[in-house]
Amino acid sequence: MNEIGNVLWAFANGWDEDPVCKEGYEAPVKSIGNSTTTPRDLENDLDVWIIQIALAESVAARLRKHGFKCKTVEITVRDNGLYSFSRQIHLRQPTNITNEIVTAAFQLFKDNYKWEHPIRSLGIRASDLVLDDIPVQLDLFGNQEKKEKLEKLDRTVDEIRRRFGYFSIQRAAMYQDKVLSHLDAGTHTIHPHSYFHG
């Protein structure tokens, strides 16, 4: 029986040795985000995808580093005419997986921007944070094994970058534009909001 099978068997038989969590099982940090003024104006969906990957990687890495998952993903967009907006989406399950965060962010962008002007600045923020060991109801239609593989892959990338630098490993999409992919989102300052400031 695989690991998730053992967990399900234990739950079905009422066998759990974990301590009971206190009420209000929330993270002390409210959100983690990253934004950037892009190296050049973004003119199409691929440009946005490249920048959002870099931002999502930095946000997700910080979530994992500090033991958090997010329940909400928010984007901010500012075009070169200085029009700006933000939108957010609530996720079905808390996550700190880069692919899930960037997929949610890109869908928000596609649903809310019609390319009237090129884009000058993008941001991604993960909010409604919970500790990453919070008990989560399994998604009947989701693929828990795939999620575990993606999280393990992300943690491997984190370790490679920690040891050999940010550019030691890149996603294939980053090689489609040398100017945009040169953005090192890992060195940008990420500002978590403490519970003292809401």
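Residue numbers start at 1 and run along the sequence shown. In what follows, every heavy atom counts, from backbone to side chain, and hydrogens, waters and symmetry copies are set aside.
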Query raised in the report: How far apart are the closest heavy atoms of Ile101 and Ile124, and which atoms are they?
Result: CG2-CG2, 4.1 Å

Requested in this report: Identify whether the distance between the nearest side-chain nitrogen and carboxylate oxygen of Arg64 and Asp132 falls below 4.0 Å.
Outcome: no

Report task. Following the transitive rule for hydrophobic clusters with a side-chain heavy-atom cut-off under 4.5 Å over Ile, Leu, Val, Met, Phe, Trp and Tyr, establish whether Ile51 and Tyr83 coincide in one cluster. Result -> yes

Query raised in the report: Just wondering, are more than 12 heavy atoms of other shown residues or ligands nearer than 6.0 Å to NZ in Lys71?
Result: no

Query raised in the report: Less than 4.5 Å apart, any side-chain heavy atom of Ile53 and any of Arg171?
Result: yes

**Report entry** Inter-residue atom distance Arg87.CZ - Asn112.CG, 0.5 Å rounding
**Finding:** 4.5 Å

Requested in this report: Would you mind checking if Asp158 and Lys65 are paired as a salt bridge, meaning a charged N to carboxylate O distance below 4.0 Å?
Outcome: no

Query raised in the report: Is any side-chain heavy atom of Tyr113 closer than 4.5 Å to a side-chain heavy atom of Val77?
Result: yes

Report task. For residues Arg78 and Ile119, determine if any side-chain heavy atom of one lies less than 4.5 Å from a side-chain heavy atom of the other. Result -> no

Report task. Quick one: closest heavy-atom pair of Leu91 and Cys70, and the distance? Result -> CD1-O, 3.8 Å

**Report entry** Salt-bridge present (Glu151, Arg155; N to O < 4.0 Å)
**Finding:** yes

**Report entry** Check: Leu122 and Ile75 side chains under 4.5 Å, non-hydrogen atoms
**Finding:** no

Query - Audit row: Phe106, Val48, side chain to side chain contact (heavy atoms under 4.5 Å, CB included) steps and yes/no - result: CA-CA 8 Å; Phe106 190 66; Val48 171; 4.3 Å; yes

Query raised in the report: Hey, quick one: are Phe164 and Tyr166 part of the same hydrophobic cluster, counting side-chain heavy atoms closer than 4.5 Å, chains of contacts allowed?
Result: no

Query raised in the report: Can you list the other members of the hydrophobic cluster that holds Val179, where links are side-chain heavy atoms under 4.5 angstrom apart?
Result: none

Report summary line: Smallest heavy-atom separation, Ala104 atom then Ile89 atom, equals CB-CG2, 4.0 Å

Query raised in the report: How about Leu63 and Lys69: do any of their side-chain heavy atoms sit closer than 4.5 Å?
Result: no

Requested in this report: Report yes or no: does Ser35 contribute a side-chain atom to a donor-acceptor pair with the main-chain N or O of Gly123 at less than 3.5 Å?
Outcome: no

Query raised in the report: What closest approach, in Å, do Asp79 and Pro118 show between heavy atoms, and which atom pair accounts for it?
Result: CB-O, 3.1 Å

**Report entry** Lys30 side chain reached by Leu129 side chain, heavy atoms, under 4.5 Å
**Finding:** no

Report summary line: Heavy-atom closest pair (Ala54 atom, Met174 atom, distance to 0.1 Å) is CB-CE, 4.1 Å

Report task. Output the distance between atom CD (Glu43) and atom OG1 (Thr38), rounded to the nearest 0.5 Å. Result -> 10.0 Å

Query - Residue pair Ile97 / Ala60: nearest heavy atoms and the distance that separates them - result: C-CB, 4.3 Å

**Report entry** salt_bridge(Arg62, Asp154) N-O dist < 4.0 Å
**Finding:** no

Query - Worked verdict on Leu46 versus Gln176 for side chain to side chain contact (heavy atoms under 4.5 Å, CB included) - result: CA-CA 9 Å; Leu46 177 60; Gln176 297 186 58; 3.6 Å; yes

**Report entry** Check ion pair Glu145-Lys149 (N to O, under 4.0 angstrom)
**Finding:** yes

Query raised in the report: Does one hydrophobic cluster hold both Trp49 and Trp115, with members joined at side-chain heavy-atom distances below 4.5 Å?
Result: yes

**Report entry** Backbone N/O of Thr36 and side chain of Ser121: donor-acceptor pair under 3.5 Å
**Finding:** yes

Query raised in the report: When rounded to the nearest 0.5 angstrom, what is the spacing between CG in Leu108 and CD in Gln52?
Result: 8.5 Å

**Report entry** From CG (Asn34) to OG (Ser58), nearest 0.5 Å
**Finding:** 3.5 Å

Requested in this report: Decide whether Val157 and Leu55 are clustered together by the hydrophobic rule: side chain heavy atoms of Ile, Leu, Val, Met, Phe, Trp, Tyr closer than 4.5 Å, transitively.
Outcome: no

Query raised in the report: Taking NZ, NE, NH1 and NH2 as the nitrogens, is one of them in Arg40 or Asp47 under 4.0 Å from a carboxylate oxygen of the other?
Result: yes

Requested in this report: Determine whether Lys110 and Asp45 make a side-chain contact, defined as any pair of heavy atoms from C-beta on separated by less than 4.5 Å.
Outcome: yes

Query raised in the report: Hey, are the side chains of Arg161 and Ile169 touching, using non-hydrogen atoms and a 4.5 Å cut-off?
Result: yes

Query raised in the report: Transitively linked via ILVMFWY side-chain contacts under 4.5 Å: Leu150 with Val102?
Result: no

Report task. Go through the steps for Arg120 and Asp41 under the test salt bridge (Lys or Arg N to Asp or Glu O under 4.0 Å), then give the verdict. Result -> CA-CA 5 Å; Arg120 194 71 189 114; Asp41 285 355; 3.5 Å; yes

Query raised in the report: About how many Å separate CZ of Phe167 and OG of Ser181, when rounded to the nearest 0.5 Å?
Result: 7.5 Å

Report summary line: Rounding to 0.5 Å, atoms CG (Asn99) and CG (Leu153) come to a distance of 9.5 Å

